[in-house]
Amino acid sequence: MLKDFFMGLSQNQFLNNTAKKYGLKMGAQTVVAGTNIEEAIKSIKELNAHGISCTVDNLGEFVFKEEEAEEAREQILKVIEAIHKHQVDAHISLKPTQLGLDIDYHFCLNNVKEIVDRANNYGIFVNIDMEDYSHLQPTFDLLEDLSLEYENVGTVIQSYFRQAQEYLEKYRNFRIRIVKGAYKESEEIAYPDKKDIDANFIKITEWHLKNGKFTSIATHDHQIINHIKEFVKKNNIPKEKFEFQMLYGFRKDLQLKLASEGYNFCTYVPFGKDWYGYFMRRLAERPQNLNLVAKQVFNKKTNTVLGVAAGAFLLGRMTKKTKKRR
Ligand SMILES: Cc1cc2nc3c(=O)[nH]c(=O)nc-3n(C[C@H](O)[C@H](O)[C@H](O)COP(=O)(O)OP(=O)(O)OC[C@H]3O[C@@H](n4cnc5c(N)ncnc54)[C@H](O)[C@@H]3O)c2cc1C
């Protein structure tokens, strides 16, 4: 229920637009690395100092007009220039819908191509993030079209899909990020149960480590991470063939520990004015993150619509809990 609530909030365009007018609120600053490129570069430098590389996501939501997609493209080009100028260890993560996939496939392809081309000039990799099932095939199509000219591009495979192994085998020659999957999908195409999603994550990760190009293992799940650590040791998989990835602000201790153990580690660094949808999806994924919100809403005076919405919601939850205890 909580998941649906936050997923609902993430899709609320009014709240999204309202949030854009304010800086990071409600604890979002702990999981979003600022609202502008300078702040993001500062965070990247801090992570690089710990031997952690970064993948940078210039957040963007609700792109329906060509001008909006073009603006997103220009912003991402600026991020590439900043990565190059500051010589930080970072690459790009982008979402096809942000670059116009819902408007027109070829329009989107041209936008992404311009980004991949600029990144290629500087030897920077571009990851195409995977969104929901309706965008899955067009995203693989983008990858295939781009790969006709460029090698610095890869994508994501979500282990909740029943066909994940099939996708993986088809795209084995690309650098692939493996995740559990963040969207609400139907049972026909995706496993509904966590245990099946986790088992499939392990199965496809092991397969890709043995047969694929380069694997980014993107999870905060220590049990899966420990399992993979044992697997690579047993199978003599060299450390150059894979990395662990986590989101900015999550499990910082574990991020530092893995990097200090000599594993390649990459932090996903989201930033930008469009932080609201991303933040709500993180709350949907792990309601324990509500602690972040609670601290901010009750410790600071925040009079935004968002603050009031979250406060009212938390109050509702607390009242329910109190009732139960009685
Ligand atoms: C780098 C990165 C990139 C991603 N890119 C995409 C993408 O392109 N497309 C997409 O659909 N999804 C993407 N995701 C999101 C992903 O699909 C999952 O929704 C998300 O990572 C949550 O799943 P999990 O694997 O972290 O483990 P979960 O199933 O959420 O957690 C498993 C266990 O790990 C532990 N744990 C998890 N989080 C914490 C925490 N913060 N603190 C302490 N313990 C914790 C708990 O024991 C928990 O039970 C990405 C995730 C990452 C990390």
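One-based numbering, in listed order, for ligands and for the atoms of each.
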Salt bridge (charged side-chain N to carboxylate O under 4.0 Å, His left out) with Glu71: which residues, sequence neighbours excluded?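 Salt bridge (charged side-chain N to carboxylate O under 4.0 Å, His left out) list for Glu71, sorted by chain: empty.
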Distance under 4.0 Å to a non-hydrogen atom of Met130: what atoms of ligand 1 satisfy this? 7 (C), 8 (O), 9 (N), 10 (C), 11 (O)
Sub-4.0 Å atoms of ligand 1 with respect to non-hydrogen atoms of Gln158: 9 (N), 10 (C), 11 (O)
When you measure from the heavy atoms of Lys95 to every atom of ligand 1, does any distance fall below 4.0 Å? no
Out of curiosity, is Lys194 lining ligand 1, as in a heavy atom under 4.0 Å away?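 Yes, Lys194 has heavy atoms under 4.0 Å from ligand 1.
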Does Tyr171 belong to the same Ile/Leu/Val/Met/Phe/Trp/Tyr cluster as Ile128, with side-chain heavy atoms less than 4.5 Å apart forming each link? yes
Side-chain heavy atoms nearer than 4.5 Å, only ILVMFWY residues, links allowed to pass through others: does that put Val269 and Phe125 together?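 They do not share one cluster, since no chain of ILVMFWY contacts under 4.5 Å joins Val269 to Phe125.
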Kindly identify the option in Ile128, Asp129, Thr219 whose heavy atom sits closest to atom 24 (P) of ligand 1.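 Minimum heavy-atom distance to atom 24 (P) of ligand 1 goes to Thr219.
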Which one of Lys180, Met246, Arg177, Glu131 has a non-hydrogen atom at the shortest distance from atom 29 (O) of ligand 1?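 Ranked by closest heavy atom to atom 29 (O) of ligand 1, first place is Lys180.
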Which atom pairs, one a donor and one an acceptor, fall under 3.5 Å between side chains of residues 195-206 and the rest of the protein, sequence neighbours left out?
from, atom 1, to, atom 2, distance (Å)
Asp198, OD1, Lys180, NZ, 3.0
Asp198, OD2, Lys194, NZ, 2.9
Asn200, ND2, Ser159, O, 2.9
Asn200, ND2, Phe161, O, 3.4
Thr205, OG1, Phe201, O, 2.6
Glu206, OE2, His227, NE2, 2.6

N/O to N/O below 3.5 Å, does that happen between Ala218 and ligand 1?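 No, there is no polar N/O contact under 3.5 Å.
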Using a 3.5 Å cut-off on N or O atoms only, is Arg282 in polar contact with ligand 1?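 No, Arg282 has no N/O under 3.5 Å of an N/O on ligand 1.
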Pi-cation contact, Tyr263 with Lys239 (under 6.0 Å, within 45°): yes
Think Arg118 forms a cation-pi with Tyr122, using NZ or CZ under 6.0 Å from the six-ring centre and within 45 degrees of its axis?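 No, Arg118 does not lie over the aromatic ring of Tyr122.
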